[in-house]
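Not measured: the values here are computed from a predicted model. In what follows, chains carry the letters A, B, and so on, assigned in the order in which the sequence lines appear, proteins first and then strands, with residues in each chain numbered from 1.
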2 protein chains.
Amino acid sequence: MKQMNIKALARELNLSVSTISKALRDSYEISESTKQRVMQLAEKLNYKPNPYASSLRGKKSRNIGVVIPEVADSFFSLAINGIESIVKEKGYHVLICLTHEDFESEQAILKEFQSGRVDGVLMSVSSETDAGGHIHELIEQDVPIVLFDRVLKEVPAARVITDDMESGYKATKHLIDNGCRRVAFLGLSKKLSISNDRLKGYEKAMHEYGWRIGKKDVVTCTTDQQQNIRAVKKLLQQPNRPDGIVASVEKLAPVVYQACNEESLRIPQDVKVVCFSNLEIAAMLHPSLTTITQPAYEMGQKAAAMLMRLLDKKPVQTADMEVIIPSKLVRRGSTSI
Amino acid sequence: MKQMNIKALARELNLSVSTISKALRDSYEISESTKQRVMQLAEKLNYKPNPYASSLRGKKSRNIGVVIPEVADSFFSLAINGIESIVKEKGYHVLICLTHEDFESEQAILKEFQSGRVDGVLMSVSSETDAGGHIHELIEQDVPIVLFDRVLKEVPAARVITDDMESGYKATKHLIDNGCRRVAFLGLSKKLSISNDRLKGYEKAMHEYGWRIGKKDVVTCTTDQQQNIRAVKKLLQQPNRPDGIVASVEKLAPVVYQACNEESLRIPQDVKVVCFSNLEIAAMLHPSLTTITQPAYEMGQKAAAMLMRLLDKKPVQTADMEVIIPSKLVRRGSTSI
DNA sequence: CTGAAAGCGCTAACAG
DNA sequence: CTGTTAGCGCTTTCAG
């Protein structure tokens with residue numbers, strides 16, 4: 001069955017295509033009676049406007065691109081829900097593109113987006129991203145972009161982040177307050193804003209309390225989970241091993257638990273752990289996991305709302321270019337005996 | 001900066017638009033030398049073909065729609081990864097649409113997809129879906145669709161599923177083999193294929209071993225987690241309460257743990273638990289959770305591959321219309337003392 | 001090997 | 001209030 005189109009409707013009703021078009025868009029130029037007739041026939045014949053024709057004509061696609069490293073991660077999946085809740089209202093569709101933490105892929109995706117395929121972009125950069133040329137290029141093509149969570153400091157794009165430094169500080173302080181004296185930090189990449197900021201908070205807390213940070217106590221993890229387990233085990237095999245761990249991304253929770261297990265170290269008796277995570281199930285871990293829980297859904301919503309505003313060409317105050325939504329420390333079993 | 005287009009390239013090189021078009025698509029009609037010139041200039045001027053113009057002209061969008069109830073669920077997020085790994089190769093984009101387990105939304109989305117916005121659809125139906133009219137309509141508009149995981153039995157569409165009945169049977173048998181005599185089953189909806197099939201397997205195992213199923217031992221859960229916790233608590237408050245639970249979807253894992261906790265019942269001593277889940281972190285639960293783990297990634301891949309074949313108009317054998325990939329029982333602490 | 005021209009379905013200026 | 005017409009950017013005959 002062929003797609004019904006405006007021309008066919010016009011023929012059927014002995015009207016011109018423009019009349020149909022206007023009637024469908026509820027234009028004031030068209031009489032109520034014809035609007036009725038048109039709407040009814042459209043309904044009856046199951047007419048669906050071709051979005052590509054509209055896009056071509058109107059230079060807007062009603063698609064927004066969401067570029068993230070990964071979906072199988074509770075932060076990102078919750079953020080997607082937040083994004084979707086906002087853009088759906090405005091009649092936009094969500095095109096999800098995964099970088100798998102690969103900078104080349106990220107560049108390729110943004111390049112593709114220069115084609116006009118999307119009207120705007122929401123992005124959380126990959127752990128390999130340390131330059132913003134591709135973002136600049138996109139902006140130059142007048143495709144608005146809002147970064148969220150993982151941002152690039154030097155790119156002057158709108159952004160929604162959480163208080164990463166403060167959270168790293170809170171996590172570390174919480175461990176120290178609970179008796180830890182040698183706390184280790186697990187980051188994801190030296191290039192990553194969130195990793196670095198959380199690290200800064202960690203360093204601040206350690207210094208503030210006068211604890212020194214061992215050379216090997218800041219571990220940079222990779223995307224290879226087995227390798228990460230080995231790295232954490234090695235960390236814990238040191239003669240004067242850490243008695244506290246701040247894991248800066250969700251992926252590392254199983255890694256730390258596994259490593260402690262294999263090293264026969266008990267959580268929290270031997271090692272206390274705080275992990276950045278949004279997993280609902282963190283409370284049911286063995287032991288339950290103390291987390292820094294990010295406002296994932298809200299961040300997605302806020303970022304999407306900012307993008308919608310940009311798309312409406314409403315002037316956005318410079319002051320509104322950066323939004324910070326705080327994370328929460330949720331105390332659980334992994335940090336208290 | 002304005003979008004570069006074919007016309008501009010043509011003007012620049014003193015060629016016609018059709019020559020440019022052909023050169024860009026590497027047509028045999030064009031000389032090597034002009035191809036070179038065209039390619040080079042296109043590269044230099046950062047030319048990106050407008051996908052909507054191509055779509056309008058060629059009647060294909062290179063988008064595929066993925067319709068699922070939820071992203072914040074490890075099964076679906078892994079399936080998305082699988083889907084993406086396949087369609088990306090073929091130059092397709094993934095448009096993700098969330099139904100939030102709502103049938104009306106699902107219908108609206110498929111309706112929208114009749115517009116030609118996508119070339120094909122991959123879908124896992126909502127828990128409220130019990131009729132396939134919307135799917136039929138889509139097929140009638142020549143939009144191929146492949147269902148995965150949650151399918152509708154009576155719809156004659158291609159499908160990729162796991163061995164749900166067998167898995168329900170395995171899970172239940174495992175509990176019985178570990179000493180349970182009164183096993184309860186938590187389903188998600190009476191309308192849902194996977195829930196029903198898993199339930200059938202459960203019933204089969206119970207009957208096979210001669211255990212009767214109490215009236216209240218099959219619980220239908222909802223999307224409201226608090227309500228689910230209350231329901232499970234009620235289940236466990238019965239005088240002759242179940243000593244085993246099969247939870248048929250991942251969402252229910254925290255519910256069961258929470259309910260047992262609030263009822264002061266120990267897992268696995270008082271109640272043994274098997275849950276359908278793909279969470280990596282299941283192994284670190286307290287206690288570690290025995291799961292039926294579905295081949296989520298593979299199912300996504302297979303479903304996408306089937307859709308690609310449908311889009312290529314390659315004849316698909318009726319025998320290939322249904323693919324079943326088995327799930328695995330992973331024994332852990334929640335079912336053994 | 002290259003070009004002219006038609007048209008995909010829709011919108012919007014302009015005319016009546 | 002309704003119709004005519006000219007594109008949006010691209011592909012594809014069909015002619016040279």
Tell me what [X] touches on the nucleic acid: a base, only sugar-phosphate, or nothing, going by heavy atoms under 4.0 Å.
X       : answer
B/Ser55 : nothing
A/Ser31 : sugar-phosphate
A/Ser54 : sugar-phosphate

Nearest-Å distance for atom pair [atom1]/[atom2], residues [X] and [N]:
X        : N      : atom1 : atom2 : result
B/Lys35  : C/dC1  : NZ    : P     : 9 Å
A/Arg11  : D/dG3  : CZ    : P     : 15 Å
A/Ile6   : D/dG7  : CD1   : P     : 19 Å
A/Leu9   : C/dG9  : CG    : P     : 12 Å
B/Arg117 : C/dC10 : CZ    : P     : 13 Å
A/Arg25  : D/dC1  : CZ    : P     : 19 Å
A/Asn5   : C/dG7  : CG    : C1'   : 12 Å
A/Leu24  : D/dC1  : CG    : P     : 17 Å

Answer yes or no: does atom CD of B/Glu154 have more than 12 heavy-atom neighbours from other residues, nucleotides or ligands under 6.0 Å?
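Above 12, so yes.
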If you count every heavy atom of other residues, nucleotides or ligands that lies below 6.0 Å from A/Glu43 atom CD, does the total exceed 12?
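Incorrect, the count does not exceed 12.
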Between A/Glu29 and A/Lys7, the residue closer to the 5' end of DNA chain C by nearest nucleotide is A/Lys7
Closest nucleotide of DNA chain C for A/Leu56 versus for A/Lys60: which of these residues is on the 5' side?
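Residue closer to the 5' terminus by nearest nucleotide: A/Leu56.
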Residue-phosphate contact under 4.0 Å: [X] side-chain N/O, [N] OP1/OP2:
X       : N     : result
A/Lys59 : D/dG9 : yes
B/Thr34 : C/dT2 : yes
B/Asn50 : D/dG9 : no
B/Thr19 : C/dT2 : no
A/Tyr28 : D/dT2 : no
B/Lys22 : C/dC1 : no

Not counting sequence neighbours, which residues clear ring pair (Phe, Tyr, Trp, His ring centres under 6.0 Å) with A/Tyr47? List them please.
none
In terms of relative ring orientation, are B/Phe103 and B/His134 parallel, tilted or perpendicular, with 30° and 60° separating the classes?
perpendicular
Side-chain-base donor-acceptor pair under 3.5 Å for B/Ser16 and C/dA4
no
Backbone of B/His100 reached by a side-chain donor or acceptor of B/Glu70 within 3.5 Å:
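Looks like no, no N/O pair under 3.5 Å.
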From C-beta outward on B/Ala53, which listed nucleotide comes closest to its side chain: D/dC10, C/dT2, D/dG3?
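Between D/dC10, C/dT2, D/dG3, the one nearest the side chain of B/Ala53 would be D/dC10.
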Pair B/Glu101 + B/Arg150: basic N to acidic O under 4.0 Å
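Salt bridge: yes.
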